[in-house]
K.L.:
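My structure is below; once you've seen it, I'll send some questions.
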Protein chains: 2
Amino acid sequence: MPALGASAVAVTVVIFTVRDASLSVLLIHRAAEPFAEAWALPGGLLLPDETLDQAAERKLLGETGLSDVFLEQLYTFDAPPGPTTPTPVVAYFALVDESRVHLEERLSWRPAWFPVSDLPSLAFENNAVVTYALRRLQAKLAYSNVVYSLLPERFTLTQLQHAYEAILGRQLDKRNFRKRILSLDLVDPTDQVRQAGAHRPARLYRFSKREPLTL
Amino acid sequence: MPALGASAVAVTVVIFTVRDASLSVLLIHRAAEPFAEAWALPGGLLLPDETLDQAAERKLLGETGLSDVFLEQLYTFDAPPGPTTPTPVVAYFALVDESRVHLEERLSWRPAWFPVSDLPSLAFENNAVVTYALRRLQAKLAYSNVVYSLLPERFTLTQLQHAYEAILGRQLDKRNFRKRILSLDLVDPTDQVRQAGAHRPARLYRFSKREPLTL
DNA sequence: ACAAAAGTGTTGAGTGTACACCCATGG
DNA sequence: CCATGGGTGTACACTCAACACTTTTGT
């Protein structure tokens with residue numbers, strides 16, 4: 001039987017949001033070695049007596065102040081090479097509504113949103129993690145309601161469509177989009193018909209289930 | 001920053017095969033505590049300087065003598081409750097051709113195949129792992145060539161169909177199945193037309209790519 | 001007035017599904 | 001001669017993609 005205690009486990013979270021029509025990821029600026037001055041995904045070690053999901057929630061809450069959002073385990077990556085004790089990294093991904101986020105105020109680290117289409121080179125080979133998360137997210141769009149936590153509780157179908165377009169990176173046909181969404185009945189219409197700042201009254205919808213739903 | 005060295009990591013493998021028209025899983029019989037005398041999935045601790053994939057391959061090779069088969073990471077589960085130091089478990093799943101397997105000969109442990117439809121209650125909550133693996137496998141059938149490593153190198157379309165049926169747990173229409181498989185061109189026909197033990201000559205096929213392919 | 005977003009149907013192509021019979025061989 | 005598995009085509013239902021104009025409001 002193998003030697004014990006060789007590894008601890010780290011958890012990292014890819015936090016996505018949609019900002020001005022593009023899909024973005026939350027990154028933190030590292031002050032300490034290794035990879036000082038590089039951008040990286042938020043993450044850290046699993047605490048004793050904590051589940052993996054709890055650790056991911058803790059990280060998400062710390063960075064954004066949010067906890068009731070879509071958050072799912074993604075993949076477990078090997079320990080990145082480096083001077084520290086090697087620990088496998090369990091990656092999660094989350095979707096948040098940017099208007100509900102309160103970014104952590106820090107002295108030395110500056111969290112910031114970066115469009116996924118224009119990422120810098122990240123610490124710990126985190127670019128691969130983001131790429132993997134993006135692929136998974138795109139795949140899940142087709143058959144689940146994951147986007148529920150990217151949008152406010154009530155939203156127009158156009159807003160929803162913009163979220164889909166940002167994630168898929170291409171334009172969608174409006175009429176086909178509406179037909180499909182309504183036929184899946186992921187959403188219910190609500191009575192309210194006027195939204196601040198909108199050009200004209202519009203029907204608002206909400207997700208019929210806000211829990212993660214994987215058809 | 002959290003305390004270090006609280007956890008190591010374990011790896012476990014769900015090894016599937018098709019035996020007389022039903023999908024089966026390889027289990028080992030535990031001699032030692034915890035869960036002595038219970039059946040469990042093969043697994044063990046990650047060794048220092050080993051990648052997760054390597055650990056899974058090592059386990060698979062140890063139990064079956066095989067290494068060139070489909071093997072994919074599945075999910076990372078929390079440490080099971082118990083007296084030992086809690087370690088998260090990175091689960092993998094593999095597909096093997098039973099005729100190529102050489103089960104490990106052991107004195108105290110007896111590895112054995114169990115149909116997934118009729119599993120005993122497993123140690124370490126491994127039943128949930130098997131259920132998860134089965135769902136993933138079924139999903140992957142639709143859009144990938146994963147079954148390539150369940151079958152011998154050359155096979156008839158009927159054999160292939162039997163493998164699909166065992167995994168999905170339902171009968172498929174022969175003509176539709178053939179049309180679909182051929183249209184995906186996952187397989188190429190080979191010249192050989194006679195197979196030992198078969199009732200009549202038949203066209204044999206082989207997978208055009210034997211590498212994992214995720215369309 | 002005009003820019004910006006909301007809303008609304010039809011058609012054609014392609015895909016998926018249901019369904020039944022003949023053939024070659026081994027026993 | 002019969003049991004076993006190999007091999008083959010068509011018709012219908014459904015899903016998906018392409019496509020343009022009118023309405024309402026804020027500025």
Side-chain angles (χ1 to χ4, degrees), chain A residues 18-22 99 138-144 151-152 154-206 215, chain B residues 18-22 99 138-144 147 150-152 154-206 215:
Chain A
V18 171
R19 287 162 43 95
D20 15 82
S22 66
S99 70
Q138 289 173 338
K140 293 202 78 129
L141 274 196
Y143 56 88
S144 80
L151 294 175
R154 301 235 265 330
F155 52 85
T156 67
L157 290 184
T158 304
Q159 284 177 287
L160 182 62
Q161 182 174 345
H162 289 335
Y164 271 72
E165 289 173 336
I167 293 169
L168 296 174
R170 63 189 158 91
Q171 306 264 99
L172 300 174
D173 179 87
K174 197 201 301 197
R175 284 169 291 185
N176 293 338
F177 179 80
R178 291 162 118 83
K179 250 180 304 181
R180 179 154 45 92
I181 295 297
L182 295 175
S183 76
L184 291 176
D185 46 53
L186 297 182
V187 297
D188 293 322
T190 70
D191 294 340
Q192 186 163 352
V193 282
R194 182 168 301 271
Q195 195 170 214
H199 285 271
R200 59 171 271 192
R203 165 145 289 154
L204 295 179
Y205 291 82
R206 67 171 164 228
L215 312 172
Chain B
V18 171
R19 285 162 45 94
D20 16 82
S22 66
S99 70
Q138 289 174 338
K140 292 202 79 129
L141 274 196
Y143 57 88
S144 80
V147 283
L150 271 175
L151 295 175
R154 300 237 263 332
F155 51 86
T156 66
L157 290 185
T158 304
Q159 284 177 287
L160 182 62
Q161 183 174 343
H162 288 336
Y164 272 72
E165 288 174 337
I167 294 170
L168 296 174
R170 65 190 159 90
Q171 307 263 101
L172 300 175
D173 180 87
K174 198 201 300 196
R175 284 170 292 186
N176 294 338
F177 180 79
R178 291 161 118 83
K179 247 183 306 181
R180 180 154 46 92
I181 295 298
L182 295 175
S183 76
L184 291 176
D185 46 51
L186 297 182
V187 298
D188 292 322
T190 70
D191 293 338
Q192 184 163 354
V193 283
R194 183 168 300 270
Q195 193 170 217
H199 285 269
R200 58 171 274 192
R203 164 146 290 153
L204 294 179
Y205 291 82
R206 69 171 163 230
L215 312 171

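Each chain gets a letter, A, B and so on, in the order its sequence line appears, and its residues count up from 1.
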K.L.:
Can B/Gln161 and B/Lys174 be said to form a side chain to side chain contact (heavy atoms under 4.5 Å, CB included), step by step?
P.N.:
CA-CA 8 Å; B/Gln161 183 174 343; B/Lys174 198 201 300 196; 3.6 Å; yes
K.L.:
Could you give the CZ-to-C1' distance, from B/Phe177 to D/dG7, as a whole number of Å?
P.N.:
14 Å
K.L.:
To check you understand the geometry: which heavy-atom pair defines the closest contact between B/Asp173 and B/Arg175, and what is its length?
P.N.:
OD2-N, 3.1 Å
K.L.:
Looking at the side chain of B/Arg178, which of D/dG7, D/dT25, C/dG7 is the nearest nucleotide?
P.N.:
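Output: D/dG7.
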K.L.:
Give the nucleotide from the list C/dA4, D/dG7, D/dT23 with an atom nearest to the side chain of A/Arg200.
P.N.:
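Given the options C/dA4, D/dG7, D/dT23, the side chain of A/Arg200 is closest to D/dT23.
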K.L.:
Shortest non-hydrogen contact from A/Ala166 to A/Ala21?
P.N.:
CB-O, 3.8 Å
K.L.:
Return the nearest nucleotide to the side chain of A/His199; candidates are C/dA4, C/dC19, C/dG7.
P.N.:
C/dA4
K.L.:
With distance as the sole criterion, do the side chain of B/Arg175 and the base of C/dC19 form a donor-acceptor contact below 3.5 Å?
P.N.:
yes
K.L.:
Rounding to an integer number of Å, can you tell me how far B/Arg180 CZ sits from C/dG14 C1'?
P.N.:
16 Å
K.L.:
Could you tell me whether A/Arg178 atom CZ has more than 12 heavy atoms of other residues or ligands within 6.0 Å of it?
P.N.:
yes
K.L.:
Choose from D/dG9, D/dG6, C/dA6 the nucleotide whose nearest atom is closest to any side-chain atom of A/Thr156.
P.N.:
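So the nucleotide nearest the side chain must be C/dA6.
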K.L.:
Test side chain to side chain contact (heavy atoms under 4.5 Å, CB included) on A/His162 and A/Leu160; report intermediate values, then the result.
P.N.:
CA-CA 5 Å; A/His162 289 335; A/Leu160 182 62; over 6 Å; no
K.L.:
Could you identify which residues of residues 159-172 of chain A place a heavy atom less than 4.0 Å from some atom of DNA chain C, listed by residue number, or say none?
P.N.:
none
K.L.:
So which heavy atom on A/Tyr205 is nearest to which on A/Thr190, and how close?
P.N.:
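Heavy-atom minimum between the residues: C-CG2, 4.2 Å.
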K.L.:
Walk me through whether B/Leu151 and B/Val18 qualify under side chain to side chain contact (heavy atoms under 4.5 Å, CB included).
P.N.:
CA-CA 9 Å; B/Leu151 295 175; B/Val18 171; over 6 Å; no
K.L.:
Starting at CZ of A/Arg203 and ending at C1' of C/dT8, how long is that distance when rounded to a whole Å?
P.N.:
13 Å
K.L.:
If you count the non-hydrogen atoms of other residues, nucleotides and ligands that lie under 6.0 Å from CZ in A/Arg180, is the total more than 12?
P.N.:
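Atom CZ in A/Arg180 is crowded, with more than 12 foreign heavy atoms closer than 6.0 Å.
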K.L.:
Is any side-chain nitrogen or oxygen of B/Thr158 closer than 4.0 Å to OP1 or OP2 of D/dG5?
P.N.:
no
K.L.:
Name the residue closer to the 5' end of DNA chain C, choosing between B/Lys174 and A/Asp173 according to the nucleotide with the nearest heavy atom.
P.N.:
A/Asp173
K.L.:
Select one nucleotide: of D/dG6, C/dA6, C/dG9, the one nearest the side-chain heavy atoms of B/Ala202.
P.N.:
D/dG6
K.L.:
Is it true that, when you exclude A/Arg203 itself, more than 12 heavy atoms of the residues, nucleotides or ligands shown sit nearer than 6.0 Å to its CZ?
P.N.:
no
K.L.:
Could you go over nucleotides 10-12 of chain D and give all protein N or O partners under 3.5 Å, atom names and distances?
P.N.:
residue: D/dT10; atom: O4; partner: B/Lys179; partner atom: NZ; Å: 2.8

